[in-house]
Amino acid sequence: MKEQLRELLLQALRTLQNDSTLPADLDVPSFVIERARNRDHGDFATNAAMLLAKPARAKPRDLADKLVAALPANTLVAKVEIAGPGFINFFLAPAAYHDEVRRIIAEGDAYGRSQSGKGVTAGVEYVSANPTGPLHVGHGRAAAIGDCLSRLLDATGWSVKREFYYNDAGVQINNLAISVQARARGLAPGAEGWPEDGYRGDYIADVARAYMAGESVEADGEIVTGAKNVDDLEAIRHFAVASLRREQNLDLQAFGVRFDTYFLESSLYTDGKVDETVRELVAHGHTYEEGGALWLRSTDFGDDKDRVMRKSDGTYTYFVPDVAYHRSKWQRGYVRAITELGSDHHGSLARVKAGLQALDCGIPKGWPEYVLHQMVTVMRGGEEVKISKRAGSYVTLRDLIDEVGRDATRYFLIARKGDSQLVFDIDLARSQSNDNPVYYIQYAHARVCSVLRQAGEKGFTFDLHNGLAHLARLDNEHEQILLTELSKYPELVETAAANLEPHLVATWLRELANAFHTYYNSHQFLVDDANLRDARLALIVATRQVLKNGLDLLGLSAPESM
């Protein structure tokens with residue numbers, strides 16, 4: 001609807017240019033068309049006249065009058081009013097909303113999708129957990145956000161590449177290996193000889209038992225067999241990483257999350273990408289040596305201070321492989337790169353971007369884009385839950401999936417904007433009540449299916465074509481509200497994708513479900529008047545379709561009965 005109104009306004013602008021009311025060479029500003037907050041003020045409003053008043057050398061209200069007069073004949077707009085300093089308010093004809101219902105039915109699963117991204121490649125990196133233990137609830141939030149972002153970008157025409165970056169190198173992996181080795185030697189956490197920074201969860205004992213038993217594990221196409229040698233730390237490391245990668249993959253599979261690429265940090269070293277990146281930075285003159293260390297002159301690119309790249313002992317600081325990794329994304333054709341991270345990584349973002357700019361290889365200044373998420377607090381019975389039986393010190397993603405199910409876990413982890421802290425209430429997520437938002441939304445879908453089943457049981461034949469021909473019968477308040485909510489979906493998808501805010505879909509789905517449930521509780525659908533009955537059933541079938549499409553964007557099921 002907004003695009004149709006925009007085209008009408010652009011046609012009116014061309015008319016005013018042709019009659020010299022506006023300059024022929026006018027660079028049309030980006031005027032806004034937005035939904036009115038109060039239906040009494042119309043359905044949509046635009047500030048076009050206010051932005052164009054200066055080049056037209058006219059008062060905004062006078063120009064608004066001329067714009068309205070120049071609008072081409074159409075069936076979309078019932079009336080137009082001018083308000084305040086020059087806002088133009090559009091009141092849409094009922095037929096405009098009826099046409100949207102017909103469009104929903106015609107397009108089905110494709111309704112709300114667009115080609116805004118024009119097939120351009122967008123890489124989305126998310127979760128990217130160290131393979132040192134089961135995924136925790138924070139990783140779950142990252143998985144939900146990243147997966148929904150990928151779905152939104154796909155729905156708006158981008159060529160999406162989903163990527164998981166395995167941090168399989170460094171101190172934490174060494175701690176993992178010596179922890180498994182200690183367990184294999186029969187040591188328990190706290191015993192004499194237990195590593196100071198060792199991992200204490202029961203899963204470490206499970207990995208040690210499997211290694212010593214010579215079991216085999218498969219992770220991302222690689223099969224690794226336990227060497228049963230307690231003194232071979234490298235073999236232990238290799239087996240432990242593979243074991244935990246496999247476990248994380250199974251958890252993500254249970255969560256409905258998939259990836260196109262699994263990228264290993266270790267490959268940056270074995271393939272020489274880190275050394276190559278450092279050489280490029282040196283060659284472009286953005287580094288210097290001081291105190292036996294190699295520094296990046298990152299203040300030249302907006303960082304608050306210069307950063308050490310290579311320490312005096314010859315090892316690289318942790319942001320250097322991050323620069324090399326993102327450089328590889330650019331080389332792999334990621335025109336757009338989006339990285340979803342926990343907010344605790346915020347401090348490293350400026351130095352990574354500085355490093356990428358210092359490569360002087362054409363990477364845009366705003367590349368990559370970052371989406372950060374805050375912590376998750378898990379509550380049960382009014383008290384915070386802090387530990388898992390298996391992981392020991394934290395709540396795992398699998399704990400939540402097992403306790404409340406995949407759909408509820410996904411919805412609750414995506415329901416709020418990522419940069420806000422989130423409270424996951426297990427009791428609420430398990431409840432089958434209207435207070436549980438995911439239940440409330442899915443129940444709306446199931447209710448439509450139930451009404452259609454009841455129609456058949458009562459001997460009514462639903463004629464969809466007849467219903468679409470009689471949508472003018474939908475004239476009560478609750479029908480108007482539902483029609484309006486349905487029409488918001490395409491622009492909602494565009495906005496959520498453009499702003500990288502999938503929580504907007506979760507919030508709006510609850511509003512749509514509320515509009516439907518209110519309608520359901522206020523009116524009979526299976527009335528004797530066939531034309532009215534078919535029109536109402538056509539409306540709720542369209543509602544079911546949009547609910548399904550929205551639930552799919554969040555990776556949730558659309559049950560037919562509950």
Side-chain angles (χ1 to χ4, degrees), residues 1-4 35 39 43 74-78 91-113 440-493 508-553 558-562:
M1 289 181 175
K2 287 174 70 172
E3 289 308 310
Q4 290 175 278
R35 288 186 179 265
R39 288 292 298 275
D43 296 283
N74 65 88
T75 58
L76 180 68
V77 182
F91 294 78
L92 300 191
Y97 290 103
H98 302 157
D99 286 345
E100 199 69 14
V101 172
R102 297 185 184 97
R103 181 183 164 201
I104 293 168
I105 298 298
E107 296 184 6
D109 291 348
Y111 180 71
R113 300 182 69 88
Y440 191 63
I441 295 164
Q442 291 179 320
Y443 187 41
H445 185 275
R447 257 184 164 175
V448 176
C449 297
S450 176
V451 170
L452 296 175
R453 287 194 297 269
Q454 290 174 34
E457 293 167 359
K458 293 183 177 181
F460 291 118
T461 299
F462 170 38
D463 186 334
L464 178 60
H465 180 74
N466 184 58
L468 295 176
H470 288 89
L471 293 176
R473 297 291 301 277
L474 304 176
D475 56 6
N476 67 60
E477 177 188 8
H478 297 110
E479 288 162 344
Q480 296 303 311
I481 291 172
L482 186 53
L483 285 164
T484 299
E485 284 299 326
L486 289 172
S487 72
K488 293 178 181 178
Y489 182 68
E491 63 198 71
L492 171 89
V493 176
W508 177 80
L509 278 173
R510 191 171 186 178
E511 294 173 359
L512 176 61
N514 183 63
F516 168 76
H517 287 305
T518 303
Y519 180 37
Y520 178 95
N521 293 330
S522 302
H523 299 277
Q524 292 291 322
F525 299 147
L526 304 180
V527 295
D528 291 333
D529 184 332
N531 292 338
L532 178 59
R533 181 178 66 245
D534 285 343
R536 288 181 171 174
L537 292 180
L539 174 58
I540 66 170
V541 165
T543 302
R544 179 180 64 175
Q545 181 67 64
V546 178
L547 284 166
K548 177 179 178 293
N549 292 1
L551 285 165
D552 184 65
L553 283 180
E560 295 187 2
S561 61
M562 291 178 70

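Model, not experiment: these values are computed from the prediction.
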Does [X] reach the main-chain N or O of [Y] with its side chain, forming a donor-acceptor pair under 3.5 Å?
X: H445; Y: L547; value: no
X: R533; Y: L526; value: no
X: H470; Y: N531; value: no
X: R536; Y: V527; value: no

Next item on the list: Could you pull out all residues at least two apart from D475 that satisfy salt bridge (Lys or Arg N to Asp or Glu O under 4.0 Å)?
Entry: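 D475 satisfies salt bridge (Lys or Arg N to Asp or Glu O under 4.0 Å) with no other residue.
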Next item on the list: Carefully, step by step, assess M1 and K488 under the rule side-chain contact (heavy atoms from CB on, under 4.5 Å).
Entry: CA-CA 9 Å; M1 289 181 175; K488 293 178 181 178; over 6 Å; no
Margin query: Tell me every residue that passes ring-ring contact (aromatic ring centres under 6.0 Å, His included) with Y519, counting only those two or more places apart in sequence or in another chain.
Written below: H523, F525
Note to self: Could you work out, with ring-ring contact (aromatic ring centres under 6.0 Å, His included) as the rule, every residue matching Y443, not counting sequence neighbours?
What the structure shows: Y439, H517
Checklist line | Salt-bridge contact R473-D534 (side-chain N to carboxylate O under 4.0 Å) | finding: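 D534 and R473: not salt-bridged.
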Check: Under a 4.0 Å N-O cut-off, is there an ion pair linking R113 with E107?
Finding: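 No salt bridge links R113 with E107.
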Does any non-hydrogen side-chain atom of [Y] lie less than 4.5 Å from one of [X]?
X: Y97; Y: L474; value: no
X: I481; Y: T518; value: no
X: F460; Y: Q454; value: no

Which atoms form the tightest heavy-atom contact between [X] and [Y], and what is the distance?
X: L471; Y: A538; result: CD2-CB, 4.3 Å
X: A96; Y: L76; result: CB-CD1, 3.4 Å
X: A542; Y: V101; result: CB-CG1, 3.9 Å
X: S487; Y: E491; result: O-OE1, 4.0 Å
X: Y489; Y: Y111; result: CE2-O, 3.4 Å

Next item on the list: Please name the residue in the list L532, V448, N466, L452 that meets the side-chain contact (heavy atoms from CB on, under 4.5 Å) test with L537.
Entry: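 Looking at L532, V448, N466, L452, the match for L537 under the side-chain contact (heavy atoms from CB on, under 4.5 Å) is L452.
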Quick check for you: to the nearest 0.5 Å, what is the distance between [X] atom [atom1] and [Y] atom [atom2]?
X: E100; Y: I105; atom1: CD; atom2: CD1; value: 11.5 Å
X: L509; Y: Y440; atom1: CG; atom2: OH; value: 12.5 Å
X: I540; Y: S450; atom1: CD1; atom2: OG; value: 9.5 Å
X: H478; Y: Y520; atom1: NE2; atom2: OH; value: 15.0 Å
X: D43; Y: F91; atom1: CG; atom2: CZ; value: 7.5 Å
X: L482; Y: L539; atom1: CG; atom2: CG; value: 4.5 Å

If we count only N and O atoms by modelled type, under 3.5 Å, do the side chains of [X] and [Y] hold a donor and an acceptor together?
X: Q545; Y: D109; result: yes
X: T484; Y: Q480; result: no
X: R447; Y: T543; result: no
X: E479; Y: N476; result: yes

Note to self: If you apply the rule side-chain contact (heavy atoms from CB on, under 4.5 Å), what do you find for R453 with S561, and how did you get there?
What the structure shows: CA-CA 10 Å; R453 287 194 297 269; S561 61; 4.0 Å; yes
Item checked: Over 12 non-hydrogen atoms of neighbours within 6.0 angstrom of CD in E511 ->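 Yes, the 6.0 Å shell around CD holds more than 12 heavy atoms from other groups.
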Margin query: Does N521, at its CG atom, have more than 12 non-hydrogen atoms belonging to other residues, nucleotides or ligands within less than 6.0 Å?
Written below: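 Yes - once you tally the heavy atoms of other residues, nucleotides and ligands closer than 6.0 Å, there are more than 12.
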Next item on the list: Go through the steps to decide whether H98 and L468 satisfy the test side-chain contact (heavy atoms from CB on, under 4.5 Å), and finish with yes or no.
Entry: CA-CA 8 Å; H98 302 157; L468 295 176; over 6 Å; no
